[in-house]
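Here's the structure we're looking at; comments come further down.
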Amino acid sequence: TSAGSAGGAGTVNVNTDGALVVVGTLNVAGDPDGGTGTLHLANGGAITTNAFDCGTGGTLDLDGGTLDIDGGTLAFTNPAANFLIGGIDNPVVTLRNGAAGTIQNFASARALTVGGGTGANPGDFDVRSGSTLTVTAGDVIMAEVSDDGGMIISESGSTMSMPPSAILTVGQSGIAFYNAELGADVTLGEVFIGQNPGSNGMMLIEDSGTTANLQRVYIGGSNVAAGG
């Protein structure tokens, strides 16, 4: 970002076997005066950053590889898009070591899509080792048509929370699993598991100390249509 003048167009490619380590914050666009930024992550590439912020003008092109937010914050504040984790080679985004992620919807009712996009684009989003994910507004969709999506909320101190009116769909039209384990704590809104015909969704709540508080649950369908 800059102060007083618009930024240009920047791109970072982390390709196969490449590793990018950022000690502070990895910012993708977000300059209030303008500019665009693209972060591309290929299969076999790895990014580790203390904090991550994708703002106005930012594009995440996650084909594969791993993106780890380690101990800092995750923010997605691009008003023209929702946070999409999905690519041809199954990218994995992980919050770890007490990282705190906050996301909300801007461009549509969705705040987060895990496993989605044109064609087959699987993806995974994990919250581990005392990290937190807060969806302040909007829905979370896992696995669109032809896609696979997974979320794991793991270990004591790890949490995921959503507003009571928000929707978590585990298998919208594809294959998805949602797992809370090893003492994690999740507070979710309405949950659809295997929402549409042809979908396959699974939710696992397991291990001592793990708790899940849900507003309403539909297993195999929704309140308006048949499910997978």
Does Ile205 share a hydrophobic cluster with Met160, counting links as ILVMFWY side-chain heavy atoms below 4.5 Å and allowing steps through other members?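 Result: yes, single cluster for both.
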Tell me whether Ile88 is reachable from Val14 by hopping between hydrophobic residues (I, L, V, M, F, W, Y) whose side-chain heavy atoms are closer than 4.5 Å.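 In one cluster: no.
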Give a yes or no answer on whether the side chain of [X] reaches the backbone of [Y] with a donor-acceptor pair at less than 3.5 Å.
X: Ser146; Y: Ala120; answer: no
X: Asn121; Y: Thr118; answer: yes
X: Asn200; Y: Ile175; answer: no
X: Asn105; Y: Ser108; answer: yes
X: Ser199; Y: Gln195; answer: yes
X: Asn78; Y: Ala80; answer: yes
X: Thr16; Y: Asn43; answer: yes

Quick one: are Met151 and Asp126 in side-chain contact, heavy atoms under 4.5 Å?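 Result no, sub-4.5 Å side-chain heavy-atom pair not found.
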Check: Thr136 and Thr102 side chains under 4.5 Å, non-hydrogen atoms: yes
Residue pair Phe177, Asp148: steps toward the side-chain contact (heavy atoms from CB on, under 4.5 Å) verdict: CA-CA 8 Å; Phe177 72 90; Asp148 293 5; over 6 Å; no
Might you confirm whether atom CG of Leu204 has over 12 heavy atoms from other residues, nucleotides or ligands at distances under 6.0 Å? yes
Does a sphere of radius 6.0 Å around CG in Leu214 hold more than 12 heavy atoms from other residues, nucleotides or ligands, not counting ones at 6.0 Å or beyond?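 Yes.
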Show, in sequence, the C-alpha distance, side-chain angles and deciding distance for Thr94 and Leu67, and conclude whether the side-chain contact (heavy atoms from CB on, under 4.5 Å) test is met. CA-CA 6 Å; Thr94 303; Leu67 169 58; over 6 Å; no
Residue among Val28, Leu84, Leu60, Asp53 satisfying side-chain contact (heavy atoms from CB on, under 4.5 Å) with Phe76: Leu60
Do [X] and [Y] get their side chains close enough for a donor-acceptor pair, meaning under 3.5 Å?
X: Asp70; Y: Asn50; answer: no
X: Ser154; Y: Glu181; answer: yes
X: Ser173; Y: Asn196; answer: yes

Kindly indicate, with the supporting measurements, whether the criterion side-chain hydrogen bond (donor to acceptor under 3.5 Å, both in side chains) is fulfilled by Asp185 and Thr211. CA-CA 5 Å; Asp185 185 1; Thr211 59; 2.8 Å; yes
Who pairs with Thr11 by side-chain contact (heavy atoms from CB on, under 4.5 Å), at least two apart in sequence or on another chain?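 Thr11: side-chain contact (heavy atoms from CB on, under 4.5 Å) contacts with Asn13, Thr38.
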Once side-chain contact (heavy atoms from CB on, under 4.5 Å) is applied, do any residues pair with Asp17, and if so which ones, sequence neighbours excluded?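 Asp17: no side-chain contact (heavy atoms from CB on, under 4.5 Å) contacts found.
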Pairs under 3.5 angstrom only: tabulate donor-acceptor contacts from the side chains of residues 163-170 to other protein residues two or more places apart or in another chain.
none

Between Gln104 and Ala111, which heavy-atom pair has the shortest distance, and what is it? C-CB, 3.6 Å
Just do the side-chain contact (heavy atoms from CB on, under 4.5 Å) check on Leu112 and Ile85 with the steps written out, would you? CA-CA 8 Å; Leu112 170 67; Ile85 302 172; 4.1 Å; yes
Using the six-membered ring wherever Trp is involved, compare the ring planes of Phe192 and Tyr218 and label them parallel, tilted or perpendicular (cut-offs 30° and 60°).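 Ring orientation, 0 to 90° scale: tilted.
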